[in-house]
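Numbering of residues begins at 1 and proceeds along the displayed sequence.
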Amino acid sequence: MLSALLRELFALEPRNVVINRDQYSLNSLNGFFEADGEALFFKFHQEEGEEVMSGEYYRADILARAGLPVDQPLHMSVLPGEQILIYRRRSDPRFSDVLRGLDLEPDERAEAVAIAAERQLSGRLLEVYLRTLHPITPEQAADEPIHRLFYERLIDPPAGTFPGGRYRNFYVGQQFAFPGVELDWGTFSTASIVVNGVRYSDTIGELFSRAAERLRRERMADAGGVVAHGDAHNANVWYSTAVDGAKLCYFDPAFAGEHVPTLLAEVKTTFHNIFAHPLWLYDPTEAASRYSGKARYEKGTLFLDSDWQLSRVREGLLAVKAEYLWQPLLAELKARGLLPDDWRPVIRSALFLCPTLVMNLRAGATSHNPLSSAIAFAVAAMVGSEPVEGEDMVTRFLDRITPA
């Protein structure tokens, strides 16, 4: 079927088509084939309701014109349901695979090279963000395809019904199984959350409702817009090594834009390259074999405890993102009068939607088990909600990037 589609779309004669088993491709399919004597790589992307959504996929030229490193496709289709890019096959690994190896087998020297590559890319990104930062209208904000990763997964387009989309399909009316306790949606969504002894201010239901209100497309114009990839998780980043270090290069700019709301531009990158690791989101079976945890429900409170934590290399990446991108970017927004007073809850709401709507986190629904599901919702609560008192790694990150 895929061979026939490639032949129909691009007038190619594909041979030796191979589909990759790829834990990072949650909304897409990728693999390799040969045609006209060339070794090629394909990536196919699909979003629910894309036939009625505005904008266009795959605008790599936007990133290239802005000066960002991006691999240009040889062929592309932007037809709804047939969103495919064809690249020359590269021998470079993806940054996601490099970092997974360092999660499992820490290596200080290799980690330093990887973190230096992230620092270089963050510096380049910051330069582009500051150069392209500009006021945008609510209409320009609303037209950007990045909302397909956030707000439009909460609703049923085009009517905009809430709750809808993945949110309703994944969670509303469902059962939630954790190590030691099982809850229905009504109980789970209204429970206070305590993670490893830290109590959070918001319930899961409140976090979804807040995101649906504040992350509306037209409301995201208040912090201006930038040229951005928008979905630069590390499975969309090539990792090239040389004698002088390593360099990173984007591909699959499915949600790139010229007016990407500034506070959304780096959210997917920050969550999926850092807080989603090690293992729990993309490798739940592996996570269950490496971590332990338990859950209990008492008098309206759900207690989630585990020994999961960021690996050393992920902590290094978080420090780079804070120092070399988020903090100077927010400082510039403040200096230009573009930083909304509620910037912190806005970032938290977007971070919260990253894991909860990229895949179904309920145990047994797809690949998740009770332990990985408990870790998943614990991390989601931690990134989405402020602690009632005390701090955690997310509050420390947000404090660090707060403009003076």
Side-chain angles (χ1 to χ4, degrees), residues 1-10 12-48 50 57-58 60 69-79 81-105 114 148-149 229-241 246 248-256 268-269 271-273 276-287 354-355 358-360 365-368 372:
M1 291 172 64
L2 184 56
S3 295
L5 184 61
L6 293 170
R7 187 178 300 111
E8 176 187 346
L9 289 175
F10 306 119
L12 297 171
E13 287 300 326
R15 297 185 301 107
N16 301 323
V17 177
V18 176
I19 298 173
N20 290 332
R21 182 186 178 118
D22 183 357
Q23 71 267 41
Y24 301 112
S25 292
L26 304 177
N27 306 294
S28 62
L29 196 72
N30 68 71
F32 307 112
F33 70 101
E34 298 168 6
D36 299 330
E38 283 194 288
L40 302 170
F41 170 79
F42 72 84
K43 189 162 186 184
F44 170 88
H45 193 103
Q46 187 168 17
E47 281 293 312
E48 302 95 326
E50 65 186 29
Y57 280 107
Y58 305 128
V70 58
D71 203 1
Q72 294 277 17
L74 298 177
H75 307 280
M76 68 178 177
S77 168
V78 296
L79 300 173
E82 299 175 354
Q83 315 275 0
I84 304 178
L85 293 180
I86 308 296
Y87 297 93
R88 285 191 178 87
R89 184 170 179 175
R90 297 173 60 140
S91 59
D92 302 314
R94 296 173 304 175
F95 200 22
S96 55
D97 299 317
V98 172
L99 293 171
R100 185 181 189 277
L102 294 173
D103 283 334
L104 298 176
E105 296 184 23
R148 298 171 192 169
L149 303 174
H229 184 292
D231 191 30
H233 59 80
N234 283 332
N236 284 337
V237 179
W238 298 119
Y239 183 81
S240 305
T241 56
L248 304 178
C249 178
Y250 295 132
F251 67 98
D252 191 21
F255 304 94
K268 288 282 287 187
T269 304
F271 187 89
H272 285 281
N273 296 348
H277 301 275
L279 302 171
W280 66 264
L281 182 61
Y282 299 105
D283 295 282
T285 302
E286 183 76 14
C354 286
V358 75
M359 67 186 303
N360 195 326
T366 51
S367 59
H368 277 283
S372 68

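- Atom-to-atom distance recorded for Glu34:CD and Arg89:CZ is 8.0 Å, nearest 0.5 angstrom.
- Under the rule for a side chain to side chain donor-acceptor pair (under 3.5 Å), Thr366 has no partner lying at least two apart in sequence or in another chain.
- Taking 4.5 Å as the limit, every side-chain heavy atom of Phe251 sits out of range of all side-chain heavy atoms of Leu85.
- Listed by chain and number, the residues in a ring-ring contact (aromatic ring centres under 6.0 Å, His included) with Tyr250 are His229 (sequence neighbours excluded).
- At a threshold of 4.5 Å between non-hydrogen side-chain atoms, the residues Arg90 and Cys249 count as touching.
- A distance of 3.5 Å separates CG of Asn273 from CG of Asn234, quoted to the nearest 0.5 Å.
- In terms of heavy atoms, Pro69 sits closest to Leu248 at CG-O, 3.6 Å.
- Tested against Asn236 for a side-chain hydrogen bond (donor to acceptor under 3.5 Å, both in side chains), the candidates Arg94, His272, Lys43, Lys268 yield a single pass: Lys43.
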Legend entry - Verdict with supporting geometry, Phe32 and Asn20, side chain to side chain contact (heavy atoms under 4.5 Å, CB included): CA-CA 8 Å; Phe32 307 112; Asn20 290 332; 3.4 Å; yes
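- When all heavy atoms of Val18 and Phe42 are compared, the closest pair comes out as O-CE2, 3.8 Å.
- Of the inter-residue distances, the one linking Asp71 atom CG with Trp238 atom CH2 reads 7.0 Å to the nearest 0.5 angstrom.
- To the nearest 0.5 Å, atom OG1 of residue Thr241 and atom CG of residue Asp92 are 7.0 Å apart.
- Contact between Ile84 and Ile86 at its shortest, heavy atoms only, is CG2-CD1, 3.9 Å.
- Between His277 and Tyr282, the gap from one ring centroid to the other is short of 6.0 Å.
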Inset, instruction - Apply side chain to side chain contact (heavy atoms under 4.5 Å, CB included) to the pair Leu12 and Phe33, showing each step before the final yes or no. - result: CA-CA 11 Å; Leu12 297 171; Phe33 70 101; 4.1 Å; yes
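- Taking the side chain as every heavy atom from C-beta outward, Asp283 and Arg100 approach each other to under 4.5 Å.
- Evaluation of the ring-ring contact (aromatic ring centres under 6.0 Å, His included) rule for Phe95 yields Tyr239 as partners, not counting sequence neighbours.
- Contact record, Gly230 with Leu149: O-CD1, 3.7 Å, taken as the closest heavy-atom pair.
- In this structure, the separation between NE2 on His75 and OH on Tyr87 is 12.5 Å, given to the nearest 0.5 Å.
- Nearest heavy-atom pair across Leu281 and His368 is O-NE2, 3.8 Å.
- Nearest heavy-atom pair across Ser367 and Pro284 is O-CG, 3.3 Å.
- How far CD1 of Ile19 is from CG of Asn30: 9.5 Å, rounded to the nearest 0.5 Å.
- Taking the side chain as every heavy atom from C-beta outward, Leu279 and Asp103 never approach each other to under 4.5 Å.
- No more than 12 heavy-atom neighbours from other residues, nucleotides or ligands sit within 6.0 angstrom of CZ on Arg88.
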Inset, instruction - Give the intermediate values and the outcome of side chain to side chain contact (heavy atoms under 4.5 Å, CB included) for residues Ser77 and Phe10. - result: CA-CA 8 Å; Ser77 168; Phe10 306 119; 4.0 Å; yes
